[in-house]
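Contents: one structure, followed by commentary.
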Amino acid sequence: MLDQKLIRENPRFVEENLSLRGKVFNISPIHKLTLEKKDIDIKISDLQSESKKLSKLIGLEISKSQNNNSQVIHELKDKGNEFRTKIAELEEKKRILDHTIKKEILSLPNFPSKDAPIGKDENDNIQIKTWGDHFKKENLKSHLEIGESLNLFESKKTTKISKSRFITLIGNGSRLERALINFMLDIHSKNGYLELMPPALINSESLQGSGQLPKFSNESFNCSNDDLWLSPTAEVPLTAFHRNEIINTELLPIKYVAYSPCFRREAGSYGRDTKGLIRLHQFNKVELYWFCDPSKSLEAHRSITADAESILKKLNLPYRLVDICTGDLGFSSSRTFDLEVWLPSSKSYREISSCSNCLDFQARRSSIRTKIDKKNQYIHTLNGSGLAVGRTMAAILENGQQLDGSVKIPDALVPYYGSDFIKTI
RNA sequence: GGAGAGGUGGCUGAGUGGUCGAAAGCGAACGACUCGAAAUCGUUUAAUAGGUAACUAUUCGUGGGUUCGAAUCCCACCCUCUCCGCCA
């Protein structure tokens, strides 16, 4: 959420910064409303002040005279009633304004960082570096073919259970998924992250706090009976964990790692990645999350990205690091580095982690602050996948495939998986 | 799901219509005493928004209502605790 005061006092600055996203933002209607609201705020405050004084006076008069119904007291009460009516009128106006303004502001995305490359869409993203040896032979099998031949997962029968874009992991597939989750959690825990296991059902306020609501209600599953939603990413409960808190500065940065199932409706992606592990309504993810001192988030961003990268390195999966351009940034993010893993069957890179610095955008929505020089300041939040588990499995299957049809498990994962190769049973 | 109790500042806890933003205690900060410390004594100490400031407003779980005036009365909701039932 952007600062309402900034919108009121410097609307052009706000428009210019938002427009870096490649769309035109006209905030002059909200700007006008914020001015109106400020004006009403002042009027209400003045009236309340007078009305309060009057009430005290009435109290005094009543205690002085034994007669509660004297002419004087009646007149004073009438005057009090006038205040009440006026204040009620203004408050009604203010309530409508507040509601409208908040709705509008909650639908505005974060400012892109001035360090982010300027661009329109994903084609303008900039590759920063590549890592690892690419496996580029011909006739490589896709992770879907490998998974089917080794009986690691199943999607056709799964439509009976739920519907398309769900998967059932089987045998070694399930074991590999578990191994990956534990492997990632262990590495990050050793690296200074505190492990949390948050609920998968999330209330509306939490989704609003991290930026999924009100604008993207289409993208999450909703349990309408209960004002609860299936969490699309652990980023949501992790942000909400400290909602409405003032965090002691000495505790910062707070670093969490959380494994969670993630649920996404994938509205608008019909026909894309319909097969395999890449785009599912439900998938597992290990998420990294930082609450940090506002002066230190740039450094933290590099750090969280490096922590996500460390998993790819340990698993010996080739990847590249991409700097997301202003037009392709997520709603809450000011700067995002994507990690894309190499999938040899399609000779392409695929997003496996997205590491974002949201600055104070989520903290403002969620009211998470810290006291700096006796003043409350919004902290900065950062999130990054570390990593998306299903896509990691896909990458291991494709990059580790052997001529005999088996798959080599990366050395670091062997203790978790329990053997060196996945073979047909 | 049934029955009951309760939600007040950093914490404990008093407050049932009028200088109550809230007694008292604990805690914390500062000062005195001390070579230093403990103990003791004294002073200070809620948050949020707006304002350079003086100051103004709001806040006693949340939202409504009654009233000139609500922590206090009324209504709805949320949450916590205890007991019973059910349950992985």
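Heavy atoms only: backbone and side chains are in, while hydrogens, waters and symmetry mates are out.
The residue Lys371(A) sits close only to the backbone: its heavy atoms come under 4.0 Å of sugar-phosphate atoms, none of a base. Arg95(A) comes within 4.0 angstrom of sugar-phosphate atoms only, judged by non-hydrogen atoms across all strands, and of no base.
Comparing Arg369(A) and Glu50(A) by the nucleotide of RNA chain B that holds the closest heavy atom to each, the one mapping nearer the 5' end is Arg369(A). Heavy-atom nearest nucleotides on RNA chain B were determined for Arg8(A) and for Lys79(A), and the one closer to the 5' end corresponds to Arg8(A).
Straight-line distance between the P atoms of U19(B) and U58(B): roughly 14 Å, to the nearest whole Å. A gap of 15 Å separates the P atoms of G10(B) and A22(B), to the nearest Å. G21(B) and C60(B): their P atoms are spaced 12 Å apart (whole Å). Atom name C1', nucleotides G9(B) and A24(B): the rounded distance is 13 Å, in whole Å. Nucleotides C11(B) and G31(B) place their C1' atoms 25 Å apart, quoted to the nearest Å. Separating the P atom of G64(B) from that of U80(B) is a span of 23 Å, rounded to the nearest Å. Using atom P as the reference point in both G61(B) and A14(B), the two lie 14 Å apart (nearest Å). Between G1(B) and G50(B), the two C1' atoms lie 49 Å apart (nearest whole Å).
Remark: aromatic rings of Phe361(A) and Phe331(A) are close, center separation under 6.0 Å. Annotation: Tyr289(A) is not in aromatic contact with Phe241(A) [ring centroid separation under 6.0 Å not met].
The CG atom of Asn203(A) sits 10 Å away from the P atom of C79(B) (whole-angstrom rounding). Rounded to whole Å, atom P of U58(B) lies 10 Å from atom NZ of Lys94(A). If you take NE2 of His74(A) and P of U67(B), they are 14 Å apart, rounded to a whole angstrom. Spacing between atom NZ of Lys43(A) and atom C1' of A49(B) amounts to 19 Å, rounded to whole angstrom units. Atom-to-atom, NZ of Lys53(A) to C1' of C55(B) comes out at 11 Å; the value is rounded to the nearest Å. The interatomic distance linking Leu90(A) (CG) with U58(B) (C1') rounds to 16 Å, in whole Å. Whole-Å rounding puts the Lys37(A) NZ to A57(B) P distance at 18 Å. If you measure from atom CD1 of Ile87(A) to atom C1' of G69(B), you get 11 Å, rounded to the nearest angstrom.
By the 6.0 Å contact criterion, NZ on Lys102(A) is open, its count of non-hydrogen atoms from other residues, nucleotides or ligands being 12 or less. The neighbour count for Lys408(A) NZ, taken as heavy atoms of other residues, nucleotides or ligands under 6.0 Å away, is above 12.
Salt-bridge check for Lys120(A) with Asp124(A): failed, with every basic side-chain N at 4.0 Å or more from each acidic carboxylate O. With respect to Lys43(A) and Asp39(A), a salt bridge is recorded, a charged nitrogen being found less than 4.0 Å from a carboxylate O. Looking at Lys86(A) and Glu82(A), no side-chain N of the basic residue comes within less than 4.0 Å of a carboxylate O on the acidic one, giving no salt bridge. Using a 4.0 Å cut-off between charged nitrogen and carboxylate oxygen, Glu266(A) and Arg165(A) do not count as a salt-bridge pair.
For Lys38(A), no side-chain nitrogen or oxygen approaches OP1 or OP2 of A49(B) to under 4.0 Å. Contact annotation: Ser49(A) does not reach the phosphate of U56(B) (side-chain N/O to OP1 or OP2, under 4.0 Å). Considering only side-chain N and O atoms, Arg84(A) lies nowhere under 4.0 angstrom from the phosphate OP1 or OP2 of U66(B). Taking 4.0 angstrom as the limit, Gln48(A) places a side-chain polar atom (N or O) nearer than this to OP1 or OP2 of U58(B).
Listed for the Glu15(A) side chain is a donor-acceptor partner under 3.5 Å among the backbone atoms of Ile27(A).
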*Can you run through RNA chain B from 5' to 3' and write each base as (, ), [, ], | or . depending on how it pairs? Watson-Crick or G-U wobble, both distances under 3.5 Å.*
((((((((.[[[..)..(.....]]]((((((.......))))))(((((....))))).[[[[[..)....]]]]])))))))....
Between the protein and nucleotides 18-20 of chain B, list the N/O to N/O atom pairs that are separated by less than 3.5 angstrom.
from: G18(B); atom 1: N2; to: Ser55(A); atom 2: O; distance (Å): 2.7

*Check the pair Ser206(A) / Asn203(A) against side chain to side chain donor-acceptor pair (under 3.5 Å), numbers first and verdict last.*
CA-CA 6 Å; Ser206(A) 300; Asn203(A) 62 32; 2.9 Å; yes
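The aromatic rings of Phe166(A) and Phe221(A) lie tilted to each other, with the angle between the two planes from 30° to 60°.
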